[in-house]
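Each remark here refers to the structure printed beneath this line.
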Amino acid sequence: MSLNISVHLIEQAKAGEVDEKEFVATIRQSLPYAWDVVEGLAERLIRGEEWANHAVPPPSEQARAQLLRMMGGDAIRGAVESHFGIKLAFQNCHNVAVFHPDKLDSSVYLDFISIRSQILNQTPELVDC
């Protein structure tokens, strides 16, 4: 699952300066399922939740690929985090959470990213995800 990068954005990158807003717009357009998941989680933080979790299997392999692409690409994940003002955390192909960036010392965040939680979140049906 790759991003649909415009010629204009490629030219910016070649010149050494990329407009992050254009990059974020490309992410939104290229990875709509992943974008919707993260946008929904970010909205829950805005409404006052301490953290928000999406633990629903993606509806298709394409949707799964989008989520993996967003979480696996440092630049993509970083741009999305910056855009929404969040910290993303990821355990597997469908367990994504968002946290307030100033609360990364909270017990809930530290538990979510722990080795223990990663192990407990494994199930046979997720071996290939």
Side-chain angles (χ1 to χ4, degrees):
M1 175 59 56
S2 188
L3 299 180
N4 301 319
I5 303 292
S6 70
V7 173
H8 178 68
L9 209 51
I10 291 170
E11 292 302 319
Q12 284 183 12
K14 286 179 181 178
E17 191 73 27
V18 176
D19 182 322
E20 189 169 325
K21 288 183 180 183
E22 287 185 49
F23 182 57
V24 167
T26 297
I27 296 166
R28 183 179 194 166
Q29 179 269 329
S30 300
L31 308 174
Y33 173 79
W35 183 272
D36 288 347
V37 167
V38 172
E39 184 175 48
L41 292 171
E43 288 171 359
R44 288 171 54 190
L45 287 187
I46 291 168
R47 290 193 306 261
E49 292 185 33
E50 179 183 357
W51 69 293
N53 183 236
H54 178 86
V56 178
S60 68
E61 286 304 311
Q62 181 181 16
R64 181 184 323 276
Q66 287 183 28
L67 201 55
L68 291 171
R69 181 70 179 113
M70 182 179 282
M71 298 303 130
D74 290 343
I76 295 170
R77 189 179 62 250
V80 170
E81 287 175 333
S82 177
H83 174 78
F84 288 112
I86 59 170
K87 172 65 177 160
L88 285 163
F90 181 69
Q91 286 186 347
N92 60 31
C93 63
H94 74 269
N95 199 359
V96 178
V98 297
F99 297 86
H100 295 280
D102 61 343
K103 305 264 170 112
L104 301 184
D105 59 350
S106 70
S107 62
V108 70
Y109 175 74
L110 295 173
D111 181 58
F112 189 89
I113 66 166
S114 73
I115 294 169
R116 176 185 169 277
S117 288
Q118 182 67 54
I119 290 168
L120 293 174
N121 193 45
Q122 302 308 297
T123 60
E125 65 269 12
L126 298 176
V127 169
D128 293 328
C129 86

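For Glu22, the side-chain contact (heavy atoms from CB on, under 4.5 Å) criterion is met by His8, Leu9, Gln12, Asp19, not counting sequence neighbours. Not counting sequence neighbours, the partners of Ser60 by the side-chain contact (heavy atoms from CB on, under 4.5 Å) test are Gln62, Ala63. Take His54 and apply the ring-ring contact (aromatic ring centres under 6.0 Å, His included) test, not counting sequence neighbours, and it matches no residue. Every residue meeting the side-chain contact (heavy atoms from CB on, under 4.5 Å) condition with Ala55, not counting sequence neighbours, appears here in chain and number order: Asn53, His94, Asn95. Judged as a side-chain contact (heavy atoms from CB on, under 4.5 Å), and not counting sequence neighbours, the contacts of Leu110 are Ile113. When the ring-ring contact (aromatic ring centres under 6.0 Å, His included) test is applied to Tyr109, the partners found at least two apart in sequence or on another chain are Phe99.
Residues Ile86 and Leu41 fail the side-chain proximity criterion, which asks for heavy atoms closer than 4.5 Å. A heavy-atom distance below 4.5 Å is found between the side chains of Tyr33 and Val37.
Legend: salt bridge (charged side-chain N to carboxylate O under 4.0 Å, His left out) pairs involving residues 39-51, not counting sequence neighbours, sorted by first then second residue: Arg28-Glu39, Arg44-Glu49. Applying the ring pair (Phe, Tyr, Trp, His ring centres under 6.0 Å) test to every pair with at least one member in residues 62-88, sequence neighbours left out, gives these pairs: Trp35-His83, Trp35-Phe84. Here salt bridge (charged side-chain N to carboxylate O under 4.0 Å, His left out) pairs that include residues 70-91, with residues two or more places apart or in two chains, are Asp74-Arg77, Glu81-Lys87. Within the structure, salt bridge (charged side-chain N to carboxylate O under 4.0 Å, His left out) contacts touching residues 94-114 (residues at least two apart or in different chains) are Asp111-Arg116.
Taking every heavy atom of both residues into account, Ile27 and Met70 meet most closely at CG2-CE, 3.8 Å. Nearest heavy-atom pair, Pro58 versus Arg64, reported as atom, atom and distance to 0.1 Å: CB-N, 3.6 Å.
Linking Ile, Leu, Val, Met, Phe, Trp and Tyr residues whenever their side-chain heavy atoms come within less than 4.5 Å places Phe23 and Met71 in a single cluster. Ile10 and Val18 fall within the same hydrophobic cluster, defined by Ile, Leu, Val, Met, Phe, Trp and Tyr side-chain heavy atoms under 4.5 Å apart, directly or through other members.
Think of Val7 as one node in a network of Ile, Leu, Val, Met, Phe, Trp and Tyr side chains linked at under 4.5 Å; it has no links at all.
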